[in-house]
Amino acid sequence: MDNNQQNDAANPENEKDMQLEDARVDHKGTRLTTNQGVGVTNTDDSLKAGERGPTIMEDFHFREKMTHFDHERIPERVVHARGFGAHGYFQVYEPMAEFTEAKFLQDPSVKTPVFVRFSTVVGSRGSADTVRDVRGFATKFYTEDGNYDLVANNIPIFFIQDAIKFPDVVHAIKPEPHNEIPQASAAHDTMWDFVVSNTETAHMMMWLLSDRAIPRSFRMMEGFGVNTFRFVNEQGKARFVKFHWKPKLGVHSLTWDESQKLAGKDPDFHRKDLWEAINMGEYPEYELGVQILEEEDEFKFDFDILDPTKFWPEELVPVKIIGKMTLDRNQDNFFAETEQAAFHTGNVVPGIDFSNDPLLQGRLFSYQDTQLLRLGGPNFHEIPINRPTAPVNNNQRDGFHRMTIDRGAVAYSKNSLRKNDPQPDPKNGYKHYMEKVDGQKIRTRSESFNDHYRQATLFWNSMSPAEKQHIIKAFHFEVGKVKDKTIKQRVVEMFNNVDGNLASQIAAGIGVDPPASPGGTGVTDSSPAVSQENTIKGARTRKLAVLAENGFNFKEVTEVMTALQTAGIHVDIVSKNLGMLSSAEGQQLEANKSYATSAAVMYDALFVASGQQCVNSLMMQKDAKTFVSDTFIHAKPIGATNEGIDLLTAAEVQGVTMAGADDQSKVFTDLGVVTIRNATDLTAFTQEFINAIGQHRHWMRENQDGKMSG
Ligand code: HDE
């Protein structure tokens, strides 16, 4: 499907769609005008005094066009500058009245419109999608009770415990100010200086260096509200709550080598993936989960439930799945929608309330404040993407870019001239939960926030062997780039507090001493739910490249392709050149990708076409062999039939030695390499290959050759 295609939004389905429809203009069949609606005769030549003379000041069209262009940019977000959005809807599974009065969480037949913006945190707006970073996952629900924003990340905890340190951590992780290096990376001295100087970061750094920070797709990320919130029901009873988004496709990641290569070959990898999936009708779905905690259980845990550097292990507090979000429409205009979307943790509706989490308290100030500058004044709630579907009535007036024409003379409360309209609504208006608060003003941190390491150990214990290897290699990359040796040594000592073995392995790769004695927290528990090893897998929506050349075996290739496509796998045919390929029997297939326009890192799996002439050509191409060996190195499934197997052998793919034997007439699978020779029926082969694709990665290969990317 055409990459530039946009969904036809001509049939608005709900109030938000209708509102957006009012703002849409497609300019089809129109005449060119100025912003004053005056017709323009020529927009290619400025008005000049003589054909070769100077431009004349009175050329109002030139001046308007140029001035608008000069002012086209707004400040990018301080953090989360690079993002990508999509529209959709949310439906609750069953009424949640027992826990919350939030209207959008009551009626399973109601589809609440949503807009979601995914983002990276550190890089600037033009940086690459696949860098190692936290991902933002911000959702705006346009509910009948007003807008609710769930401003989440794909990691359930945060770097710091108090919002007052946010400017510090952001200054440390952003490019260093003297030379603006490095872009979109934590791998530099100031960040690691911050880490070792602020040990509350230990747990978050473990997540940041894990596979979570290099997601395969926005469609395959969890979302976490991070902070502790409250649900409040109609009777006024409150409970603590943590929010989760669980992707129906499971949680999956790239390898670090893929991320780095993609940053060059396809910097838009994630946004393209989302855009294309929605255009193809493969609508991403995420279930909303809540962990609910009774107020009387607040102190039941060995961590403080208000400490945002801690998560509530699902094994201790189960996640109750309460509804599902489906993203089914791409934006029409990136700037108008994604760039101008203004999220705010303070945008809540009756039934959802805050906790005293000191990070959340600071966020409640920051989001509104930052929009005032970024969107140029206090009226950004009137921009179509931000406008609630619930009616807005108050006595706020004026300010830059006011769109509403407020009628009448009265703009104050209380008033008698308009019978005090708009009226406060004591019954159904937002009531803040009446938490009892009594304390001294004190600028200090609660002692219950003092443990910086136990959950970092819990996370480490929960990782599979492959995930652990990836974390160690990430330390080698990140801390390896730090120039100051003292900081590097301190990293080893700091993470020795998490786990002695981890610290020794970090030290081994970064040129400093191992810890004097092995440390650790003594925590032996694990939380299986945080390991990606235990996530949902499957072949649906995975992307596969078929390497083919002229002379391919039409019957085999089309049979395999059809079976894979039926299983929901997306197939590209990759060849040396774009264009038509002829099979040995003369049938045609189009190579829609070439080595110049694609690479193995853009795919989840590979199939090598059979046919003697085809494979002979592939064997002569270094690019074809690189395609195979990269796919192998990145632990992804590879399939080949008959002569196709010879390319695997030529590319030194391990595990195919046996498969190469001439007498093979059964499917042979080893380490996710699926092959068959001398077969008349490929049914068993395609089934086995689809299974291997559904498994995604075959990490055992890492252990086999020890040369895998991490
Ligand atoms: Fe944010 N954060 N943040 N943050 N955050 C912003 O608001 C801030 C935090 C998150 O797609 C800013 O509109 C403070 C946690 C997302 O537009 C800013 C603290 C989580 C987005 C801001 C945090 C987030 C932002 C910058 C306390 C996960 C992008 C631009 C330490 C739950 C939203 C803007 C979008 C954006 C402040 C910590 C998520 C500066 C003070 C924890 C997804 O206001």
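Only heavy atoms go into these numbers, but all of them, side chains included; no hydrogens, no water, no symmetry mates. Keep in mind that what you see is a predicted model, and the values were worked out from it rather than measured. One-based numbering, in listed order, for ligands and for the atoms of each.
The protein non-hydrogen atom at the shortest distance from atom 14 (C) of ligand 1 is F166 CD2, 3.3 Å. When hydrogens are left out, the protein atom nearest atom 19 (C) of ligand 1 is R363 CG, 3.4 Å; that is the closest non-hydrogen contact. In terms of protein heavy-atom proximity, atom 38 (C) of ligand 1 is nearest to F158 CZ, 3.6 Å. Protein heavy atom nearest atom 17 (O) of ligand 1, with residue, atom name and distance: R77 NE, 2.7 Å. Closest protein heavy atom to atom 13 (O) of ligand 1: Q371 NE2, 2.7 Å. Taking atom 25 (C) of ligand 1 as the reference point, the nearest protein heavy-atom neighbour is H80 CD2, 3.2 Å.
Residue contacts with ligand 1 for Y367 involve both N, CA, C or O and side-chain atoms from C-beta outward (heavy atoms, distance under 4.0 Å). Looking at T370 against ligand 1, only its side chain comes within 4.0 Å, counting heavy atoms. The proximity of F137 to ligand 1, defined as any non-hydrogen pair under 4.0 Å, is limited to the backbone.
A distance-only check finds no donor-acceptor pair linking the side chain of K310 to the backbone of I305 [under 3.5 Å]. Without hydrogens or angle criteria, K174 side chain to V122 main chain gives a donor-acceptor distance under 3.5 Å.
Centroid-to-centroid, the aromatic rings of F194 and H171 stay 6.0 Å apart or farther. You'll find the ring centres of F84 and F118 outside the 6.0 Å limit. Under the 6.0 Å cut-off for aromatic ring centres, F231 and F99 do not qualify, their centroids lying 6.0 Å or more apart.
Those atoms of ligand 1 that come under 4.0 Å of a heavy atom in L359, given as number and element, are 27 (C), 31 (C), 42 (C). Within the listing of ligand 1, atoms 43 (C) sit less than 4.0 angstrom from a heavy atom of G136. Close approach of ligand 1 to V79 is summarised as follows: ligand atoms under 4.0 Å from at least one heavy atom of the residue are 2 (N), 6 (C), 26 (C), 30 (C).
With respect to the salt-bridge test (charged N to carboxylate O, under 4.0 angstrom), the residues E282 and R219 do not qualify.
Between D149 and H344, the side chains place no donor N or O within less than 3.5 Å of an acceptor N or O (distance only, hydrogens not considered). T309 and E200 are not linked by any side-chain donor-acceptor pair at a separation below 3.5 angstrom, with hydrogens and angles left out of the test. A side-chain N or O of E176 and one of H188 form a donor-acceptor pair less than 3.5 Å apart. For the residue pair N379 / Q396, no side-chain donor-acceptor distance below 3.5 Å is found, with atom types taken as modelled. Checked by atom type, the side-chain pair Y430/D145 shows no donor-acceptor distance below 3.5 Å.
Polar contact check, N153 against ligand 1: no nitrogen or oxygen pair lies under 3.5 Å apart. Ligand 1 has no nitrogen or oxygen under 3.5 angstrom from a nitrogen or oxygen of R374. Residue S366 has at least one nitrogen or oxygen atom sitting less than 3.5 Å from a nitrogen or oxygen atom of ligand 1, judged on distance alone. The shortest N/O to N/O separation between R117 and ligand 1 falls below 3.5 Å.
In this structure, G225 is part of the shell of residues with a heavy atom less than 4.0 angstrom from ligand 1.
The residue among P358, G83, A152 with a heavy atom at the shortest distance from atom 43 (C) of ligand 1 is A152.
Distances from atom 1 (Fe) of ligand 1 show that T345 has no N/O/S atom below 2.8 Å.
Residues L254 and T130 have side chains in contact (heavy-atom distance under 4.5 Å, counting atoms from C-beta outward).
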